[in-house]
Peer 1: 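Submitted below is the structure of interest, expressed as structure tokens.
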Amino acid sequence: MKLDSIDHIVLRVSDLDQMLQFYTAVLGCRIERRRDDLGLVHLRAGDAFIDLVSVAGPLGVLGGSGPGKDGHNIDHFCLRVTDFDPEGIRAELISQGVKIGEVASRFGARGESLSIYIRDPEGNGIELR
């Protein structure tokens, strides 16, 4: 078996509307499919998906309580950005009120490269590289 790339990640979320706004308006994902009967939205992020599952929906209640101050459902995930421009990305995120970490060289699946850490509205860590 040889892994190629991330197909999708699933985030259990407390406020689906707020998270949809962040992932579509701030990060530029688009809604690929909605399953309101399950409380599930599939977002296209390049060639991968970010799935948002409402903790109040039929799928979400199966996983227990949602993310909160003392615990999150994920530490962080990394999204590869085409033509990564640190200053342009910093400016765009700041203009949208997103707090950002330092731009630094970090090791990832494709070696060392510059990246920026941010958090979504529910505190999930995102690395952009």
Side-chain angles (χ1 to χ4, degrees):
M1 178 171 57
K2 181 180 177 186
L3 299 179
D4 177 53
S5 63
I6 294 175
D7 181 80
H8 71 278
I9 62 161
V10 179
L11 297 176
R12 299 178 65 251
V13 304
S14 298
D15 188 332
L16 184 58
D17 291 334
Q18 181 183 40
M19 295 292 273
L20 278 171
Q21 169 66 20
F22 178 82
Y23 282 94
T24 58
V26 174
L27 293 183
C29 296
R30 66 178 166 76
I31 297 173
E32 184 87 9
R33 181 181 295 172
R34 286 188 77 120
R35 291 288 313 269
D36 292 326
D37 59 316
L38 298 174
L40 169 64
V41 180
H42 301 280
L43 299 175
R44 173 67 61 186
D47 63 357
F49 277 172
I50 298 172
D51 294 343
L52 303 179
V53 175
S54 171
V55 295
L59 286 179
V61 298
L62 299 175
S65 62
K69 181 179 166 186
D70 297 323
H72 300 284
N73 292 321
I74 194 168
D75 176 70
H76 83 276
F77 58 90
C78 181
L79 299 174
R80 292 201 50 86
V81 177
T82 304
D83 299 324
F84 187 81
D85 170 18
E87 292 311 311
I89 291 170
R90 282 176 53 86
E92 174 65 22
L93 293 171
I94 290 169
S95 76
Q96 298 210 40
V98 177
K99 293 180 182 176
I100 60 173
E102 69 175 320
V103 175
S105 181
R106 298 178 175 94
F107 188 71
R110 297 185 181 163
E112 288 284 332
S113 67
L114 293 176
S115 70
I116 300 171
Y117 282 107
I118 62 173
R119 293 207 174 269
D120 71 18
E122 293 191 0
N124 296 300
I126 303 166
E127 180 181 358
L128 302 173
R129 80 171 35 228

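Because the structure is a prediction, the values reported are computed rather than measured. Position 1 is the first residue of the sequence, and the numbers go up from there.
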Peer 1: Would you say the side chain of Asp120 lies within less than 4.5 Å of the side chain of Val13, judging by non-hydrogen atoms?
Peer 2: no
Peer 1: Hey, are the side chains of Tyr117 and Ile126 touching, using non-hydrogen atoms and a 4.5 Å cut-off?
Peer 2: no
Peer 1: Is a salt bridge present between Arg30 and Glu32, judged by a nitrogen-to-oxygen distance below 4.0 Å?
Peer 2: yes
Peer 1: Which heavy-atom pair separates Glu127 from Ser115 by the least distance, and what is that distance?
Peer 2: OE2-OG, 2.9 Å
Peer 1: Looking only at non-hydrogen atoms, find the nearest pair between Gly125 and Arg119 and report the distance.
Peer 2: N-NH1, 3.3 Å
Peer 1: Rounded to the nearest 0.5 Å, what separation is found between the CZ atom of Arg80 and the CG atom of Leu128?
Peer 2: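 Taking CZ in Arg80 and CG in Leu128, the distance rounds to 11.5 Å.
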Peer 1: Kindly work out whether a path of hydrophobic side-chain contacts (I/L/V/M/F/W/Y, heavy atoms less than 4.5 Å apart) joins Val53 to Phe77.
Peer 2: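 Val53 and Phe77: separate clusters.
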Peer 1: How close do Ile50 and Cys29 get, counting heavy atoms only, and between which atoms?
Peer 2: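 Closest approach of Ile50 to Cys29: CD1-SG, 4.2 Å.
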Peer 1: For the atom pair CG (Leu43) and CD1 (Ile31), what is the distance rounded to the nearest 0.5 Å?
Peer 2: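 Separation between the atoms: 6.0 Å.
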Peer 1: Say whether, by atom type as modelled, one donor and one acceptor occur between the side chain of Arg12 and the main chain of Val55 under 3.5 angstrom.
Peer 2: no
Peer 1: For Ile6, is the CD1 atom crowded, meaning more than 12 foreign heavy atoms sit under 6.0 Å from it?
Peer 2: no
Peer 1: Nearest heavy-atom pair of Asp37 and Arg35: which atoms, and what distance?
Peer 2: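 So the minimum-distance heavy-atom pair works out to OD2-NH2, 2.7 Å.
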Peer 1: If Ile, Leu, Val, Met, Phe, Trp and Tyr residues are connected whenever their side-chain heavy atoms lie under 4.5 Å apart, and connections chain through other members, are Val103 and Leu93 in the same group?
Peer 2: yes
Peer 1: Given 3.5 Å as the limit, does a donor-acceptor pair link the side chain of Glu122 with the main chain of Ser14, or not?
Peer 2: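 Checked: pair present.
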Peer 1: Tell me which pairs pass ring-ring contact (aromatic ring centres under 6.0 Å, His included) where either residue lies in residues 80-108, with sequence neighbours left out.
Peer 2: none
Peer 1: Does anything in residues 95-115 pair up under salt bridge (Lys or Arg N to Asp or Glu O under 4.0 Å), and if so which pairs, sequence neighbours excluded?
Peer 2: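 Sorted result for residues 95-115: empty, none.
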Peer 1: To the closest 0.5 Å, what do you measure between CG (Asn124) and NE2 (His76)?
Peer 2: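 If I round to the nearest 0.5 Å, the distance is 11.5 Å.
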Peer 1: Can you measure from CD1 (Ile94) to CD1 (Ile100) and round to the nearest 0.5 angstrom?
Peer 2: 4.0 Å
Peer 1: Is there any ring-ring contact (aromatic ring centres under 6.0 Å, His included) pair reaching into residues 4-38, and which pairs are they, with sequence neighbours excluded?
Peer 2: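 Matches after skipping sequence neighbours: none remain.
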Peer 1: Could you walk me through whether Met19 and Val41 pass the side-chain contact (heavy atoms from CB on, under 4.5 Å) check?
Peer 2: CA-CA 10 Å; Met19 295 292 273; Val41 180; over 6 Å; no
Peer 1: Determine whether a donor-acceptor pair (N or O, by modelled atom type, separation under 3.5 Å) exists between the side chain of Asp36 and the backbone of Gly39.
Peer 2: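 Not at all, since once roles are kept as given, no pair shorter than 3.5 Å links the two residues.
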Peer 1: Say you draw a straight line from CG of Leu27 to CD of Glu92; how long is it, rounded to the nearest 0.5 Å?
Peer 2: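 Between atom CG of Leu27 and atom CD of Glu92 there are 10.0 Å.
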Peer 1: What is the minimum heavy-atom distance between Gln18 and Asp15, and which atoms define it?
Peer 2: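 Gln18 and Asp15 have their closest heavy atoms at N-OD1, 3.0 Å.
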Peer 1: Transitively linked via ILVMFWY side-chain contacts under 4.5 Å: Leu16 with Leu11?
Peer 2: yes
Peer 1: Nearest heavy-atom pair of Arg90 and Gly101: which atoms, and what distance?
Peer 2: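 Heavy atoms of Arg90 and Gly101 come nearest at NH1-O, 4.1 Å.
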Peer 1: Once rounded to the nearest 0.5 Å, what's the spacing between atom CG of Leu79 and atom CD1 of Ile118?
Peer 2: 8.0 Å
